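What follows is a set of notes on a single structure, which appears directly below.
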Amino acid sequence: MKNNFMNFITREWLFLLSLCGLLFTSYYLHAFATFSQADLIPIFLLFTLFVVIKGLENSHLLLQVSSFLEKSKFLPQKLLFLSFLLSMLISIDVALMTLLPIVLALKIKQRDKLVILVALTAHIGAALTPFGTPQNLFIYSYYSLNTYEFIRTIAPFSLIMLTLFFIVSLFIKTTSNRRGEELIENINKPLAYIYLTLFLTVALVILHILPLHLLPWILLFIFFFDIKSFKVDYLLLFTFIIFIGLTANIKQMLGTTIEHPTHIFILSSFLSQFISNVPTTLILNKFTSQYEALLWGTNVGGFGSIIAAMANLITYKIYISHNDSKNTKSFILQFTAYGYAAFIVGYILYFLIM
């Protein structure tokens, strides 16, 4: 029982810390935080997206696509392209959970470097769409942006970083021993088609092309059709809700805003290194109207430390859970070094472009 409790604290420290912060600030203000409709809509969108992506993941479609890719030459470049594309279309978490086990199965000397490069590329692919990462979804919804201005703001960062990563990938030599037939028979085609349709529908709702009231019907359909897809990370959703309340309390206590773009960019990118970029977004969006700087800051801030983004922790957990991963200290050092190199390049790009 004691070990389970300690494991819970270690795994869910962000939830517990934010809950303590919400309770403390509410006690200080003698009032509990209130939530507006604008605050809760991104949570509802995120929950629906989690459920649909879980169903898509259970269909094994993504694993089949990835295994098929290994049959041809230029594996590092194709894995980078697939990482960019998948994270852009179906979120960074699913892209990493799909691709990293395949990369770790490769018998190559520079495997760890390829793992890191695929993970970093997923960051820049996810940055390009409103639904690629939770922080993008919150920024897109909270500031009521249109798709064009969102992509126009962050596209230079994503595309230039993609070019640089592709150049780096040319120096990674690989050979694959994986058999492409292993995963094909496991795909559930009807399930894959259904969830692809549902995912496209949710994406169109997020992009304001379809109405929001379609989402409850989608959830109701999935509830009766495939209730297993509701096995998502509810504690993560509650953490987001708590952070919304906490930031509302902090703003009421401070009673100020931050409107200088450079200050927002620097603050959001550095704060991400310590509490990760999603909580940083939820804290700072209440304090500024400078969505461009916040969007750049939280996406650049996803590079760097192992806790700068949830995707970094996912990468680490997948790596250490693999049977052939023995030198975890070396991996962390390499991941951090490459991450901060990308972090510095992101800084240079911001001050050159914005």
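All values derive from a computational prediction rather than experimental measurement. Along the sequence shown, residues are numbered consecutively beginning with 1.
The closest side-chain heavy-atom distance from Asn299 to Asn136 is below 4.5 Å. The closest side-chain heavy-atom distance from Thr281 to Tyr142 is not below 4.5 Å. Residues Leu128 and Ile154 meet the side-chain proximity criterion, which asks for heavy atoms closer than 4.5 Å. Side-chain contact between Phe81 and Phe84 is absent, with no heavy atoms from C-beta onward closer than 4.5 Å. Contact annotation: the side chain of Phe303 never approaches that of Ile344 to less than 4.5 Å [non-hydrogen atoms, C-beta and beyond]. By the 4.5 Å heavy-atom criterion applied to side chains, Lys113 and Tyr338 are counted as neighbours. Counting heavy atoms from C-beta outward, Pro130 and Phe150 have side chains that approach closer than 4.5 Å.
Remark: Phe265 pairs with Tyr347, Tyr350, Phe351 by the ring pair (Phe, Tyr, Trp, His ring centres under 6.0 Å) rule, at least two apart or across chains. Residues satisfying the side-chain contact (heavy atoms from CB on, under 4.5 Å) criterion with Leu271, sequence neighbours excluded, are Ile275, Thr280. With sequence neighbours left out, the ring pair (Phe, Tyr, Trp, His ring centres under 6.0 Å) criterion links Phe24 to no other residue. Residues satisfying the side-chain contact (heavy atoms from CB on, under 4.5 Å) test with Glu292, not counting sequence neighbours, are Thr153, Gln290, Met354. Residues passing the ring pair (Phe, Tyr, Trp, His ring centres under 6.0 Å) test with Phe238: none are found, sequence neighbours excluded. Partners of Thr129 under the side-chain contact (heavy atoms from CB on, under 4.5 Å) rule, at least two apart in sequence or in another chain, are Met88, Phe131.
Put simply, CD1 on Ile306 and OG1 on Thr315 are 7.0 Å apart, with the number rounded to the nearest 0.5 Å. Interatomic distance, CG of Leu16 versus CG of Leu235, reported as 7.5 Å (0.5 Å rounding). Distance OG/Ser144 to OH/Tyr291: 11.5 Å, rounded to 0.5 Å. Rounding to the nearest 0.5 Å places CZ of Phe287 at 16.0 Å from NE2 of His263. Separation of atoms CD1 (Ile172) and CG (Leu75) is listed at 10.0 Å; rounding is to 0.5 Å. Remark: Leu22 CG to Ile244 CD1 distance equals 11.0 Å, nearest 0.5 Å.
Between Ala95 and Ser83, the shortest heavy-atom contact is CB-O, 4.3 Å. Taking each heavy atom of Ala309 and His123 in turn, the nearest pair found is CB-CE1, 3.6 Å. Ile266 and Ser269 get closest at one heavy-atom pair: O-OG, 3.0 Å. For Ile194 against Phe225, the heavy-atom pair with the smallest separation is CD1-CZ, 3.3 Å. Taking every heavy atom of both residues into account, Ala293 and Ser268 meet most closely at O-OG, 4.1 Å. The two atoms that bring Gly245 and Phe35 nearest to each other are N-CE2, 3.4 Å, heavy atoms only.
Residue pairs satisfying the side-chain hydrogen bond (donor to acceptor under 3.5 Å, both in side chains) criterion with at least one member in residues 85-97, sequence neighbours excluded, are absent. Each side-chain hydrogen bond (donor to acceptor under 3.5 Å, both in side chains) pair with one or both residues in residues 19-31, not counting sequence neighbours, appears once here: Thr25-Asn249, Ser26-Asn249.
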Under 3.5 Å, which donor-acceptor pairs do the side chains of residues 196-223 form with other protein atoms, sequence neighbours left out?
unit_1, atom_1, unit_2, atom_2, d
Thr197, OG1, Tyr193, O, 2.9
Thr201, OG1, Thr197, O, 2.8

Atom pairs and distances, side-chain donor-acceptor, residues 330-337, under 3.5 Å, sequence neighbours left out:
unit_1, atom_1, unit_2, atom_2, d
Ser330, OG, Gln334, NE2, 3.4
Thr336, OG1, Ile332, O, 2.7

Donor-acceptor pairs under 3.5 angstrom involving side-chain atoms of residues 46-56: please list them, not counting sequence neighbours.
unit_1, atom_1, unit_2, atom_2, d
Thr48, OG1, Phe44, O, 3.0

Donor-acceptor list for residues 155-170 side chains, cut-off 3.5 Å, not counting sequence neighbours:
unit_1, atom_1, unit_2, atom_2, d
Ser158, OG, Ile124, O, 2.7
Thr163, OG1, Leu159, O, 3.0
Ser169, OG, Gln77, NE2, 3.1
Ser169, OG, Phe166, O, 2.6

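Among Ile43, Leu45, Val278, the one residue that satisfies the side-chain contact (heavy atoms from CB on, under 4.5 Å) test with Leu137 is Leu45. When each of Leu100, Ile314, Asp112 is tested with Tyr319 by the rule side-chain contact (heavy atoms from CB on, under 4.5 Å), just one qualifies, namely Asp112.
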Which is it for Trp296 and Ile264 under the side chain to side chain contact (heavy atoms under 4.5 Å, CB included) test, yes or no, and what are the steps along the way? CA-CA 9 Å; Trp296 269 77; Ile264 287 294; over 6 Å; no
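A donor-acceptor contact shorter than 3.5 Å is absent between the side chain of Asn285 and the backbone of Ile139. Side chain of Gln135 to main chain of Leu295: no donor-acceptor pair is present (N/O by atom type, distance under 3.5 Å, no hydrogens or angles). Between the Ser272 side chain and the Ala308 main chain, no donor and acceptor come within less than 3.5 Å of each other.
With 3.5 Å as the limit, one finds no donor-acceptor pair spanning the side chains of Tyr195 and Asn58.
Both Ile227 and Tyr234 are assigned to one and the same hydrophobic cluster, defined by single-linkage of ILVMFWY side chains at heavy-atom distances under 4.5 Å.
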